[in-house]
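This chain uses plain numbering: 1 for the first residue, then up along the sequence.
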Amino acid sequence: MAVYLGDINARARGLRTRLTSARDLERLTRVPSLFALQRELAALNLASASVPATPESLEAALRQRAAQLMSILRRWSSDEREPILTVLLENEERRSLDRILRGADQGAASDARLSGVLPTGRLSERALRVLAEQPTMADVVRMLLLWNHPFGAPLLDAVSGPRPRLFEVEVALQRAFARRALARARKGGQELLDYAQQLVDLMNAWSALLHVSEHEDSIVDLTFVEGGRWIDREALELLLSCESIDEVWRGLTHAFGDSALCTVFTGATPALAGLEGAVLQAQIAEQGRIARIHPQSAAPLIRFYLELRAESLNLRRIIWGVALRTPAAMLRAEMVAT
């Protein structure tokens, strides 16, 4: 039987009222400069008025706020419910580590590696900054091992060679997360398990989109992550046998059947840069529907987490859009609706 989540769900519903409204987001897209944006963010209690008016500093302030909101839920998680919240937090840690490892492999500046990450209790802003300052992927993994982070040991083999491949490190990270998430999700009920399986399906979907042109027999063995519901090994083999990304896109529409993600892959193939937002929007809508039908399930908690991620994505796009003088209409078109 799933553990009781009524009180932590109530807290998650309350925290949703602190998220930035669509009206305020729309107004922020129209500010003329970073100095004006800084004042607006301070007025909305999203950042301190003393924060420097630079994209990096404003992003750091927003990361701190997001971490504070999640820490409130963490304090409400008893010992029996801690593994449930861990599924959400470790997914964020996986995403953050993926950005940092990619940045290390590409030799990106430390601030660039931190763009888009969200701190957690185990990987705080300070810890993420330390990881982002490491010169190589192997050094990042060594820090994780030093801190006894659960993703450290599974990545060790992938970075041990003389020339580690980012691709292999990323797959090792995905598989480590999937094993832990699926084991813990069962304690949170069917809704949380469905969400964890959906995350695994999305990993395999991304693999199909990114490796469509690599017709090698070993590519399925190298990329497949066990544990999804809609994309099993046979489905991934079929997707990777496609001749074009458009064909993969149509295959994903079929693979996701009648799931909430089917609509994401319906229609013409968009730019992959917009796929994250489209998936996030579909997930939020799905969890909102489930939360109305099963209010005592994990859905309200998942929905808040996804909406917090959407807010962070929207605000980051606004910050860099204002810095680069992107037209407000274009920024509004890129917003993830919640």
**Quiz item: cation-pi between Arg16 and Phe304, 6.0 Å / 45°** = no
At their closest point, which heavy atom of [X] faces which heavy atom of [Y], and how far apart are they?
| X | Y | value |
| --- | --- | --- |
| Ala42 | Ser48 | CB-C, 4.3 Å |
| Gly161 | Pro164 | O-CD, 3.5 Å |
| Glu59 | Ser115 | OE2-OG, 3.0 Å |
| Leu222 | Val171 | O-CG1, 3.2 Å |
| Ala282 | Val264 | CB-CG2, 3.6 Å |
| Phe35 | Ala53 | CD2-CB, 3.6 Å |

How about [X] and [Y]: does a side-chain donor come under 3.5 Å of a side-chain acceptor?
| X | Y | answer |
| --- | --- | --- |
| Thr263 | Thr266 | no |
| Ser207 | Asn204 | no |
| Thr136 | Asp139 | yes |
| Arg317 | Asn314 | no |

Would you call [X] and [Y] a salt bridge, taking side-chain N to carboxylate O under 4.0 Å as the test?
| X | Y | answer |
| --- | --- | --- |
| Arg122 | Glu93 | yes |
| Glu247 | Arg250 | no |
| Glu90 | Arg94 | no |
| Arg65 | Glu311 | yes |

**Item:** Criterion salt bridge (charged side-chain N to carboxylate O under 4.0 Å, His left out) on Arg102 and Asp105, from CA distance to verdict
**Value:** CA-CA 5 Å; Arg102 182 175 294 273; Asp105 182 65; over 6 Å; no
**Prompt:** Are Phe167 and His211 near enough that their ring centres are under 6.0 Å apart?
**Reply:** yes
**Item:** Step-by-step salt bridge (charged side-chain N to carboxylate O under 4.0 Å, His left out) determination, Arg129 to Asp111
**Value:** CA-CA 8 Å; Arg129 190 162 291 279; Asp111 280 335; 3.2 Å; yes
**Item:** Whether Tyr305 and Tyr195 hold their rings parallel, tilted or perpendicular, with breakpoints at 30° and 60°
**Value:** perpendicular
**Option from Leu202, Leu252, Val200 for which side chain to side chain contact (heavy atoms under 4.5 Å, CB included) with Ile231 holds** = Leu252
With a cut-off of 6.0 Å (strictly less than), are more than 12 heavy atoms of other residues, nucleotides or ligands near [atom1] of [X]?
| X | atom1 | answer |
| --- | --- | --- |
| Glu26 | CD | yes |
| Arg18 | CZ | no |
| Glu234 | CD | no |

**Message:** Checking the side chain of Gln287 only, and the main-chain atoms of Gln283 only, is there a donor and an acceptor separated by less than 3.5 Å?
**Reply:** no
**Message:** For the backbone of Asp201 and the side chain of Trp230, can you confirm whether one donor and one acceptor N or O come within less than 3.5 Å of each other?
**Reply:** no
**Message:** Under the criterion salt bridge (charged side-chain N to carboxylate O under 4.0 Å, His left out), I'd like the reasoning laid out for Glu276 against Arg95: C-alpha separation, chi angles, the key distance, then a yes or no.
**Reply:** CA-CA 12 Å; Glu276 178 185 6; Arg95 291 169 54 83; 2.7 Å; yes
**Asked** Can you check whether Arg74 reaches Leu85 side chain to side chain, under 4.5 Å on heavy atoms?
**Response** yes
**Message:** Set out, in order, the CA-CA distance, both residues' side-chain angles and the distance that settles side chain to side chain donor-acceptor pair (under 3.5 Å) for Thr86 and Glu82, then state yes or no.
**Reply:** CA-CA 6 Å; Thr86 296; Glu82 188 273 336; 2.6 Å; yes
**Prompt:** In a check of salt bridge (charged side-chain N to carboxylate O under 4.0 Å, His left out) between Arg63 and each of Glu92, Glu56, Glu125, which one passes?
**Reply:** Glu125
**Request:** Could you please spell out the steps behind the side chain to side chain donor-acceptor pair (under 3.5 Å) verdict for Asp194 and Gln190?
**Result:** CA-CA 6 Å; Asp194 288 345; Gln190 187 61 47; 2.6 Å; yes
